[in-house]
Visitor: 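Quick one: the structure is below, questions incoming.
Source: prediction; values computed, not measured.
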Number of protein chains: 2
Amino acid sequence: MELDRLDREIIGALVEDARATYAEIGQQVGLSASAVKRRVDRLRDTGTITGFTARVAPQALGWTTEAYVELFCQGKTKPSDIALAVSRYPEVVSAATITGEADALLHIRATDVRHVERVIEHIAAMPFVVRTKSSIVLSRLVDTPPGAATPD
Amino acid sequence: MELDRLDREIIGALVEDARATYAEIGQQVGLSASAVKRRVDRLRDTGTITGFTARVAPQALGWTTEAYVELFCQGKTKPSDIALAVSRYPEVVSAATITGEADALLHIRATDVRHVERVIEHIAAMPFVVRTKSSIVLSRLVDTPPGAATPD
DNA sequence: TATGAAAGAACCTGGCC
DNA sequence: GGCCAGGTTCTTTCATA
């Protein structure tokens, strides 16, 4: 769907603070509260905004360790097989198939290094996985919520 | 800070829907609306909840392509140098120093493959970068908002 | 220290222009 | 898109365990 400048500004405001009132957003972008509400409703209906969520400090919940794991799979493995298999683990917060030597890259959050190890063991034991290559995160430098910026 | 079962349930409800009313959350966890509000206020004051944000479909904003880029840096490069340098690019949505051969891993969102290429060129041109190794994302399999799950 | 109830203020929502 | 009215929610205070 087509987004104009106001839509993008409204999205930016909601990414910044999803609990901002329609009146506050309206003042920011130059619209009345009800006009903002109508646009937000439309953005939700069309699937541009998929929901509202709380930003939580992962450490506060006990997720103090993270890792990236490259997956090397058997030749005929389908992406959906990987998706199905890894989505059973809440520790796998992100997964994607990629170009290059590895077939997929997983992002894992765990309570400690031993926990990471345990999850990788489980994943490496899956039938279509040939081998894995993992990197523990030493320090997180950047973590931007998606939608914070708009292209061009 | 210490979180009890109710705190975790409230956080879960807010990660699910940051615009749920206090009364709705209260009914879900077995508290009155005002008790829920007090706990949410406390969770925000202590930094457990860092904010509320809209979940946006990146494609809808024009971010249709993503890539992971491994950074190989000169021996004496400090993490803060990398952080400072890459945070200037809105395309870099995540960055972390990691164990293994590479020094850092970047997650990039862009409008197309040419855009990815342009950003990598800029990053590769930074003085402390020796070389880069990038993987384009073919398909995203999993993308869980942080805080959706709770350890153990 | 944490809770539930209650009341006024602020906000949302839908109809109308 | 703006304005307005009725219903809902938020926010604070107070009393209680």
Visitor: Can you measure A:Gln27 atom CD to D:dG1 atom P for me and round it to whole angstrom units?
Guide: 17 Å
Visitor: Atom CD of residue position B:Glu9 - does it have more than 12 heavy atoms of other residues, nucleotides or ligands inside 6.0 Å?
Guide: yes
Visitor: What is the separation between atom CG on B:Leu3 and atom P on C:dA2, rounded to the nearest whole Å?
Guide: 13 Å
Visitor: With sugar-phosphate meaning primed atoms plus P, OP1 and OP2, does B:Thr21 contact a base, only sugar-phosphate, or nothing at under 4.0 Å between heavy atoms?
Guide: sugar-phosphate
Visitor: Send over the distance from A:Lys37 NZ to D:dA5 C1', rounded to a whole Å.
Guide: 16 Å
Visitor: Taking atom types as they are modelled, is there a donor-acceptor pair under 3.5 Å from the base of C:dA6 to the side chain of B:Ser34?
Guide: no
Visitor: B:Pro79 and side-chain contact (heavy atoms from CB on, under 4.5 Å): which single residue from B:Thr97, B:Asp103, B:Leu84 fits?
Guide: B:Thr97
Visitor: Could you state the CZ-P distance from A:Arg5 to D:dG1, rounded to the nearest angstrom?
Guide: 11 Å
Visitor: Could you give the CG-to-C1' distance, from A:Asp7 to D:dG1, as a whole number of Å?
Guide: 13 Å
Visitor: Is A:Tyr22 close enough to C:dA10 that one of its side-chain N or O atoms is under 4.0 Å from OP1 or OP2 there?
Guide: no
Visitor: DNA chain C: A:Glu24 or A:Asp41, which has the more 5' nearest nucleotide?
Guide: A:Glu24
Visitor: With a 4.0 Å cut-off on heavy atoms, is B:Arg39 in touch with a base, just the backbone sugar-phosphate, or nothing at all?
Guide: sugar-phosphate
Visitor: Nearest whole angstrom, please: distance from the C1' of D:dT9 to the CG of B:Asp17.
Guide: 14 Å
Visitor: If you assign each of A:Arg19 and B:Arg38 to its closest nucleotide in DNA chain C, which residue comes earlier from the 5' end?
Guide: B:Arg38
Visitor: Can you check the A:Arg42 CZ to C:dG14 C1' distance for me, whole Å?
Guide: 18 Å
Visitor: I need the CD1-C1' distance between B:Ile25 and C:dT3, as an integer number of Å.
Guide: 17 Å
Visitor: Flag yes if B:Tyr68 and A:Ile108 sit in one hydrophobic cluster, no otherwise; membership is Ile, Leu, Val, Met, Phe, Trp, Tyr, and two members link when side-chain heavy atoms are under 4.5 Å apart.
Guide: no
Visitor: Among A:Arg44, A:Lys37, A:Arg38, exactly one meets side chain to side chain donor-acceptor pair (under 3.5 Å) together with A:Asp41. Which residue is that?
Guide: A:Lys37
Visitor: Is the B:His122 ring parallel, tilted or perpendicular to the B:Tyr89 ring (thresholds 30°, 60°)?
Guide: tilted
